[in-house]
Amino acid sequence: MARYNAKTTEAKWQAAWAAAKTFEAVEDRQKEKYYVLEMFPYPSGRIHMGHVRNYAMGDVVARYKRAQGFNVLHPMGWDAFGLPAENAALEKQVHPAKWTYENIANMREQLQSMGLSLDWSREFATCDVEYYRHQQKLFLDFLKHDLAYRRESWVNWDPVEHTVLANEQVIDGCGWRSGAPVERRQLSQWFFRITAFQDELLEALDDLERWPEKVRLMQANWIGRSEGARLRFAVQQATGQQAAEIAVFTTRPDTIFGASFLALSPDHPLTSELADKNPDVAAFVAECQRQGTSEEVIEKAEKLGLDTGLRAQHPFLPDVELPIYVANFVLIEYGTGAIFGCPAHDQRDLDFARKYDLSVLPVVVPDGSDSIGFSVGNEAYVGPGRLANSEFLDGLSIDDAKSEIAGRAEAGGFGSREIMYRLRDWGVSRQRYWGCPIPVVHCDSCGVVPVEEADLPITLPEDVTFEQAGNPLDRHETWGAVACPACGKPAQRETDTFDTFVDSSWYFARFCSPRAETPLDASAVDYWMPVDQYIGGVEHAILHLLYARFFTRAMEKCGHVRVSEPFAGLFTQGMVCHETYRGEDGIWLEPTEVERTDSGDIRRLDNHSTVTVGRSEKMSKSRKNVIDPEDIIERYGADTARWFMLSDSPPERDLEWTDGGIEGAWRFTGRIWRIIEESITSLPTAGSPAPLQLSDNAVALRRLTHQAMGAVTDGIERFQFNVSVARLYELANALAAFKANGGDDTTGERWAQREAIETLVLMIGPMMPHLAEEAWQALGLDGLLADAPWPKADPALLVEASITIAVQLNGKMRATLDIEPDQSEDTVREAALALEKVKSAIGDKAVRRVIVVPNRIVNIVA
RNA sequence: GCCCCCUUGGCGGAAUUGGCAGACGCACGGGACUUAAAAUCCCGAGACUUAACAGUCGUCCCGGUUCGAGUCCGGGAGGGGGCACCA
């Protein structure tokens, strides 16, 4: 046997799997299906370590489930629309389609070098007309079912480039390219009615048992259901004009007697009305609109307000009028776009009140304080307590007071109980070229008219230019001109394209029947859906996953699928991190630009100057702490890269890339090969029957083998691949150390050794598939390892003859006790008390109590 | 600012979910093999005290529950992720 050559061996088995169509999924109703899916990549051009980790994990699951006998679907595709292609078009003068498809070709080759058990026959890209034509059909169905509509909404507007900016393109309130201060602007946009399913989306979270608790919690918070009250305040009209009203939503109606002001959003209709008449208000609104649209920006900004001069009547106190402010922190998108401020019990309101010198009256007093002695300083009191300073509410609990206010408001006709959601409808319009065109037409006579289904697909024009800013579709001379589908008169195509989150909201379903003439083939979807295990980054915990859940329900409503939840199991993996390096000039250095000297410090490779080593951070181009997977696969092979990705770090946590770690993984591949090489000539032939008698030595190895089967399987089932890896190391260590005693027992020992080696090879299969396949062949076993069943532990071999249990005295470890398992409590207690070490530790103290935990521990209380 | 998560030796981490803390790997030290190196193999190792036997401390910090806490509860510190047009 020759030294293991990863490069040639990996290519050989990749070709063998492809030739045998091993991983092409075929619907087979006789077999139980298992759908494994990793979040498909954006085709940036090169895979990065995050992809390697993600796909290595998915492949473990896919290959393991295959070995368990499941009919596995494990597809791959490309999330191919999006901004980077347009940026590339601008910077490199290359058409987005060309750039994207070239990137896909490159990345496909890189992924294939990883030896993943993917069904490449199902591959597609979301920018394929054959994909997005069906997305357009789905949109038309959504329109029919009132799940899509058009309305005005706010965007970040770059006044120089005349374009809408993504939040990430807004840096410190300015456009990233123009540097001009960004404005908030209203634009007519398409929305998906995700709020139609808000209750369902919230409640169904409880049933997603194989989702991480944190993701479910984040989604629940995102939907943000809160019970409260809507209260209407009459606006005092000094001039005797027609009375106006301001509706306010609050989750704390109980604090109404502590109210000291009302605040309107700068975008509130009443604010706009005031701004028309009052230049101060107009100026303030304009100032607020210079902020971006992101919640983060608005929340972090200094709280500013402007007194409108208007006063609102307190609904329960005839003598009290509240000033009405316009405030920059009131969001028009949430609630009614207006609030009442109770400074004593809300931190934001308190900050605002201190700034504008408004009264702070505590109306909830913690138990144990009295209403006179309790005051609020610079920290609002948001805890529990009883009502005070609140007329008829005094002495009530918060809950009772909320209910009392809501009841009185309802009776008085100026308010009602209300449930509010933080969730807003999903804006899907993008003023960009490289996305799926929205299939509608704007007609002067008929308004917005959907394109006829027979006229689909609406394809993107190819002859576009990117020199000018803004949407090339708007500038295109002929593409937009079209006859109105309703009246036939000249009309304009919609030039907005879909948010790329739309593309990724149904690709998982399309994989079931990727070449179907309809968006989805019912029979295929019924068989394969839902995805049994979905794997991807936690950064998608809210938006992508929530949109996909909505989209599946929407497709269900339109009759395309019969499931409402797309992902039965979800796993969110951690990031891949690496140390960062900076030269003396403070410029980031790549790992390839530095070296570790013999004394252990890091120097520049070229001029040996000092390098500052920074902490480990997520690999990113900007910090240059990137390791290229292609280099690693070229040097060590895919198996080594995959093994390292699965070792050490628990999958949900961040993984730290180290040279030592990859070297260790590489040594292990060599070690496995050596173990086989050194023993192969002395092993019995494949399939030899078990000898009747086995020596203790052989039985001990068998026990270890079967314990490893149990532990490795358990690790994979629980997504603790690092633990499975550790158990595989142990089995390999035991095998490397195993020596046959010789003599009469040799046959049995060699048999046990073969069993252990075959087990090891089978179990590294999902992690290092090429090495395992090569070893399988070397061991003289038939067929492909990829088709071999997973080993199953013999329960009889898992039982130990003797176990060691700890003996504690007053909770401190004092001795250990070797004893047969499952002894009676009395036996264990007596044996523990009889130990010399225990007797001397107890001394002359009286034993008051002995706690015996079967097969675990004895604790003597003295 | 709001929401969520994480914190265990020099490092990554394990601990059957409340029962022997530190499995396994990395880095390190010692040894074997070698003319030498590499590769490989064997041994060692949480910290402190001790010649040794052994003992004390120890899972970010403070407090609590318990016979027993890395694990549960309350408070705090540090680090990270998300915040609706990046994907």
Euclidean distance for P, B:G25 against B:G44 (whole angstrom):
13 Å

Against the side chain of A:Arg422, the closest entry in B:G13, B:A84, B:A14 is B:A84

Of the candidates B:G1, B:C4, B:C20, the side chain of A:Thr804 sits closest to B:C20

*Do we see a donor-acceptor contact under 3.5 Å between the side chains of A:Asn54 and A:Glu38?*
no

Checking B:C83, B:G82, B:C20 against the side chain of A:Ile542 (C-beta onward), the nearest is B:G82

Among the nucleotides B:U17, B:C86, B:A84, whichever has the atom closest to the side chain of A:Leu543 is B:A84

inquiry  = At 4.0 Å (heavy atoms only), tell me whether A:His544 reaches a base, stays on the sugar-phosphate, or touches nothing.
reply    = nothing

Per nearest nucleotide of RNA chain B, the residue lying toward the 5' end, A:Asp499 or A:Val215, is A:Val215

With a 4.0 Å cutoff (strictly under), does any side-chain N or O of A:Gln219 reach OP1 or OP2 of B:C3? no

Across all chains, not counting sequence neighbours, the salt bridge (Lys or Arg N to Asp or Glu O under 4.0 Å) partners of A:Asp714 are A:Arg718

Per atom distances to the A:Leu83 side chain, the nearest of B:A14, B:C86, B:U17 is B:C86

The salt bridge (Lys or Arg N to Asp or Glu O under 4.0 Å) partners of A:Glu295 (sequence neighbours excluded) come to A:Arg422

N/O-N/O pairs, protein side and nucleotides 55-57 of chain B side, under 3.5 Å:
| from | atom 1 | to | atom 2 | distance (Å) |
| --- | --- | --- | --- | --- |
| B:C57 | OP2 | A:Lys812 | NZ | 3.0 |

Looking only at B:G1, B:C85, B:G12, the nucleotide nearest the A:Arg430 side chain is B:C85

Could you run down the sub-3.5 Å N/O contacts of the protein with nucleotides 47-49 of chain B?
none

Regarding the side chain of A:Arg424, the nearest nucleotide among B:A87, B:C85, B:A84 is B:A84

Q) Is there a donor in the side chain of A:Gln431 and an acceptor in the side chain of A:Gln189, or the other way round, less than 3.5 Å apart? A) yes

Is there a donor N/O on one and an acceptor N/O on the other, under 3.5 Å, for the side chain of A:Glu213 and the base of B:C5? no

Inset, instruction - Test A:Asp425 against A:Thr195 for side chain to side chain donor-acceptor pair (under 3.5 Å), laying out the working first. - result: CA-CA 6 Å; A:Asp425 277 333; A:Thr195 54; 2.8 Å; yes

Q) NA contact type, A:Pro650, heavy-atom cut-off 4.0 Å: base, sugar-phosphate, or nothing? A) sugar-phosphate

Between B:C2 and B:G9, how far apart are the two C1' atoms, rounded to whole Å?
37 Å

Atom pairs and distances, side-chain donor-acceptor, residues 849-858 of chain A, under 3.5 Å, sequence neighbours left out:
| from | atom 1 | to | atom 2 | distance (Å) |
| --- | --- | --- | --- | --- |
| A:Asn855 | OD1 | A:Asp822 | N | 2.9 |
| A:Asn855 | ND2 | A:Asp822 | OD1 | 2.8 |

Using a cut-off of under 3.5 Å, enumerate the N/O to N/O pairs linking the protein to nucleotides 78-81 of chain B.
| from | atom 1 | to | atom 2 | distance (Å) |
| --- | --- | --- | --- | --- |
| B:G79 | O3' | A:Arg615 | NH1 | 2.9 |
| B:G80 | OP1 | A:Arg615 | NH1 | 2.9 |
| B:G80 | OP1 | A:Arg615 | NH2 | 2.7 |

A:Leu423 atom CG is separated from B:C83 atom P, nearest whole Å, by 15 Å

Need one value for A:Lys214: base, sugar-phosphate or nothing, where a base atom within 4.0 Å counts as base even if backbone is also close, heavy atoms only. sugar-phosphate

Atom CZ of A:Arg635: over 12 foreign heavy atoms under 6.0 Å: no

Base B:C83 paired with A:Glu295 side chain (donor-acceptor, <3.5 Å): no

Is the closest basic N to carboxylate O distance between A:Glu213 and A:Arg216 below 4.0 Å?
yes

Report yes if at least one side-chain N or O of A:Asn722 is closer than 4.0 Å to OP1 or OP2 of B:A14; otherwise report no. yes

| field | Close aromatic pair by centroid cut-off 6.0 Å: A:Tyr507 and A:Trp78 | value | no

Answer yes when A:Arg432 and A:Glu86 have at least one side-chain N-carboxylate O distance shorter than 4.0 Å, and no when they do not.
-> no

Q) Any N or O donor-acceptor pair linking the side chain of A:Gln431 to the base of B:C85 at under 3.5 Å? A) yes

Have a look at A:Trp426 and say if it touches a base, only the backbone sugar-phosphate, or nothing, with a 4.0 Å heavy-atom cut-off. nothing

Taken in chain and number order and not counting sequence neighbours, the residues that satisfy salt bridge (Lys or Arg N to Asp or Glu O under 4.0 Å) with A:Asp267 are A:Arg184

In RNA chain B, stems of three or more consecutive pairs, Watson-Crick or G-U, each with both distances under 3.5 Å, turn out to be B:1-7 with B:77-83, B:10-12 with B:24-26, B:28-32 with B:40-44, B:46-49 with B:54-57, B:60-64 with B:72-76

Pair A:Arg671 + A:Glu677: basic N to acidic O under 4.0 Å
no

If you take the centroid of each ring, where Trp contributes its six-membered ring, are A:Trp666 and A:Phe644 closer together than 6.0 Å? no

Q. Under 3.5 Å, is there an N or O donor on one side and an acceptor on the other linking the side chain of A:Arg653 and the base of B:U7?
A. no

Its glycosidic angle compared against 90° from 0, B:U17 adopts the form syn

Side-chain donor-acceptor pair present, A:Thr163, A:Asp158, cut-off under 3.5 Å
no

Integer angstrom distance from the C1' of B:A77 to that of B:G12: 24 Å

Note to self: Given 3.5 Å as the limit, does a donor-acceptor pair link the side chain of A:Asn328 with the main chain of A:Leu304, or not?
What the structure shows: yes

Distance flag, aromatic centroids of A:Trp426 and A:Tyr547, threshold under 6.0 Å: yes

chi for B:G9 classified (syn = within 90 degrees of 0, anti otherwise) as syn

Once you apply a heavy-atom cut-off of 4.0 Å, does A:Val155 come out as touching a base, just sugar-phosphate, or nothing? base

Q. Within the structure shown, what part of the strands sits under 4.0 Å from A:Glu86 by heavy-atom distance: base, sugar-phosphate, or nothing?
A. nothing

In short, A:Leu83 meets A:Ala166 closest at the heavy-atom pair CD1-CB, 4.4 Å

Restricting to nitrogen or oxygen on both sides, can you table the protein-nucleotides 24-28 of chain B pairs closer than 3.5 Å?
| from | atom 1 | to | atom 2 | distance (Å) |
| --- | --- | --- | --- | --- |
| B:G25 | OP1 | A:Asn733 | ND2 | 3.1 |
| B:C26 | OP1 | A:Arg667 | NH2 | 2.9 |
| B:A27 | OP2 | A:Arg667 | NH2 | 3.2 |

Students often get this wrong, so: under 4.0 angstrom with heavy atoms, is A:Val723 touching a base, only sugar-phosphate, or nothing?
sugar-phosphate

Is A:Phe501 touching bases, backbone alone, or none of the nucleic acid, heavy atoms closer than 4.0 Å? base

Look at all strands and tell whether A:Ser429 reaches a base, only sugar-phosphate, or nothing, counting heavy atoms closer than 4.0 Å.
base

Residues at least two apart in sequence or cross-chain that pass side chain to side chain donor-acceptor pair (under 3.5 Å) with A:Asp79, listed by chain then number, are none

Give me the distances for all protein-to-nucleotides 67-73 of chain B N/O pairs that come in under 3.5 Å?
| from | atom 1 | to | atom 2 | distance (Å) |
| --- | --- | --- | --- | --- |
| B:C67 | O2' | A:Asn859 | ND2 | 3.2 |
| B:C67 | O2 | A:Asn859 | ND2 | 2.5 |

Hits for ring-ring contact (aromatic ring centres under 6.0 Å, His included) against A:Trp190, two or more places apart or cross-chain, chain-then-number order -> A:Phe139

| message | Looking at A:Arg430 and A:Asp499, is there a salt bridge between them, counting it only when a charged N and a carboxylate O are closer than 4.0 Å? | response | yes

